Amino acid sequence: MAKRTAHLVNLDPAASPTSFEFEPVIDIKDLVSLEDVMSELEYGPNGGLVYCFEEELGQIELYTHHPFLPTLVQNLTRMNIRVSAAYLIESQFMEDRYKFFSGVLSAMSAMVNLEIPWINIMSKMDLVTANTEDGSGGARNGIRQRKDIARYLDPDPMLLATRRGQEGNVENPRFHALNQAIVQLIEDHPLVSFLPLDLTNPDSLETVVSHIDYTMQYGEDEEPKEPHDLDEGDFQDME
């Protein structure tokens, strides 16, 4: 992959220091942290997060509903800083269709709330796809067929109406009306699709980065590189 300078910024007041492989150059916890709020104000976890809202957000529900992050994005845009969002869910979500579609609806809500260039990513695909370089075959969560995976990468709302292994045959009677409403919503507003991300596959990484570059128009303002001037020495090997 192309080498670029990157800076890690943590905007989660509840993040654990051990969760970062690299130290953030800017850490919102230097300003406010959930632990300090809970200790000093004797709030519980939920109350502490609410107090931290005006400083920064950490839970997905806050990105989908709270107005602060759209305001932050607008301010960054005014500073001519290009912003793009990457929404990640893990491949394990395919083991629970209801959990998966909860993630799909959260992505839709956040996309509408933030109104910025956006891509959705399904991470940890090495857990559900075969790895020929792994002696165990990889896919610790069981290998899934390409056709099955495709129904999640491009969410098929009919998965909500059927049981796994019996798709298209047996209707799930539980929460039928709610499921049908969700199915109709996703069909009417097909905003969400996922890029597969396998950190063990360089091609997968390149694909995701290229999509992010495209959404942000990365490099659009760069001047084209001029080729170096040719001289007689450049043709010696051709004689």
Side-chain angles (χ1 to χ4, degrees), residues 1-2 4-41 43-90 93 101-124 185 189-195 197 199 205 207-222:
M1 295 181 62
R4 301 178 185 174
T5 300
H7 301 284
L8 176 63
V9 177
N10 174 44
L11 301 178
D12 184 355
S16 169
T18 59
S19 62
F20 302 112
E21 184 175 353
F22 302 98
E23 184 178 356
V25 295
I26 299 177
D27 193 343
I28 195 64
K29 296 185 70 174
D30 294 337
L31 176 64
V32 60
S33 70
L34 178 61
E35 294 87 347
D36 291 342
V37 170
M38 292 175 60
S39 175
E40 297 178 11
L41 301 180
Y43 287 165
N46 293 334
L49 281 174
V50 171
Y51 184 87
C52 294
F53 285 176
E54 297 304 323
E55 303 299 337
E56 189 40 63
L57 316 177
Q59 301 296 321
I60 181 58
E61 293 83 4
L62 312 182
Y63 287 86
T64 60
H65 299 95
H66 200 277
F68 173 75
L69 201 60
T71 302
L72 173 61
V73 169
Q74 292 172 6
N75 288 331
L76 292 174
T77 302
R78 293 192 188 100
M79 298 167 62
N80 293 323
I81 298 177
R82 292 177 178 173
V83 180
S84 176
Y87 177 94
L88 279 72
I89 67 171
E90 297 181 356
F93 276 44
F101 279 99
S102 174
V104 171
L105 294 176
S106 294
M108 292 175 62
S109 180
M111 291 170 71
V112 171
N113 186 40
L114 296 182
E115 297 182 323
I116 58 176
W118 190 284
I119 65 169
N120 299 295
I121 298 170
M122 185 173 292
S123 63
K124 299 186 179 180
L185 175 65
H189 305 281
L191 302 176
V192 179
S193 61
F194 294 93
L195 287 172
L197 175 60
L199 290 179
L205 289 169
T207 299
V208 170
V209 170
S210 67
H211 277 77
I212 295 174
D213 287 348
Y214 180 79
T215 63
M216 299 179 63
Q217 297 182 324
Y218 176 82
E220 289 292 321
D221 296 335
E222 293 184 357

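What you see is a predicted model, and the numbers here were worked out from it, not measured in a lab. Residue numbers run from 1 in the order of the sequence given.
For the atom pair CG of Leu191 and CG of Leu185, the computed distance is 8.5 Å after rounding to the nearest 0.5 Å. Distance check, rounded to the nearest 0.5 Å: CD of Glu40 to OG of Ser33 gives 8.0 Å. Distance CD1/Ile116 to CZ/Arg82: 14.0 Å, rounded to 0.5 Å. Considering CD1 of Ile89 and CZ of Phe194, their distance stands at 4.0 Å, rounded to 0.5 Å. Taking NZ from Lys124 and CD from Glu90, the interatomic distance works out to 3.5 Å, rounded to the nearest 0.5 Å. Taking CG of Asp36 as the reference point, atom OH of Tyr43 lies at 14.0 Å (rounded to 0.5 Å).
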Walk me through whether Met111 and Val192 qualify under side chain to side chain contact (heavy atoms under 4.5 Å, CB included). CA-CA 9 Å; Met111 291 170 71; Val192 179; 4.1 Å; yes
Determine whether Val112 and Met108 satisfy the following criterion, side chain to side chain contact (heavy atoms under 4.5 Å, CB included), listing intermediate values before the conclusion. CA-CA 6 Å; Val112 171; Met108 292 175 62; 5.6 Å; no
Side chain to side chain contact (heavy atoms under 4.5 Å, CB included), that's the test. Do Ser106 and Tyr87 meet it? Break it down for me. CA-CA 10 Å; Ser106 294; Tyr87 177 94; 3.4 Å; yes
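With hydrogens and angles disregarded, no donor-acceptor distance shorter than 3.5 Å links the side chain of Ser109 to the backbone of Leu105.
Here Asp213 pairs with Arg4 under the salt bridge (Lys or Arg N to Asp or Glu O under 4.0 Å) rule; sequence neighbours left out.
In plain terms, the two heavy atoms of Ala86 and Leu88 that are nearest each other are O-CD1, 3.6 Å. Minimum heavy-atom separation, Trp118 to Ala107: CZ2-O, 4.1 Å. Nearest approach of Leu34 to Pro45, heavy atoms of both residues: CD1-O, 3.8 Å. Contact between Gly44 and Met38 at its shortest, heavy atoms only, is O-CG, 3.9 Å. In plain terms, the two heavy atoms of Ile119 and Ile121 that are nearest each other are CD1-CD1, 3.8 Å. Here the closest heavy-atom approach between residue Leu197 and residue Val208 is recorded as CD1-CG2, 3.9 Å.
Heavy-atom contacts from other residues, nucleotides or ligands closer than 6.0 Å to OH of Tyr214 number 12 or fewer.
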Donor-acceptor contacts under 3.5 Å from residues 21-28 side chains, at least two apart:
| from | atom 1 | to | atom 2 | distance (Å) |
| --- | --- | --- | --- | --- |
| Asp27 | OD1 | Asn10 | ND2 | 2.7 |
| Asp27 | OD1 | Lys29 | N | 3.0 |

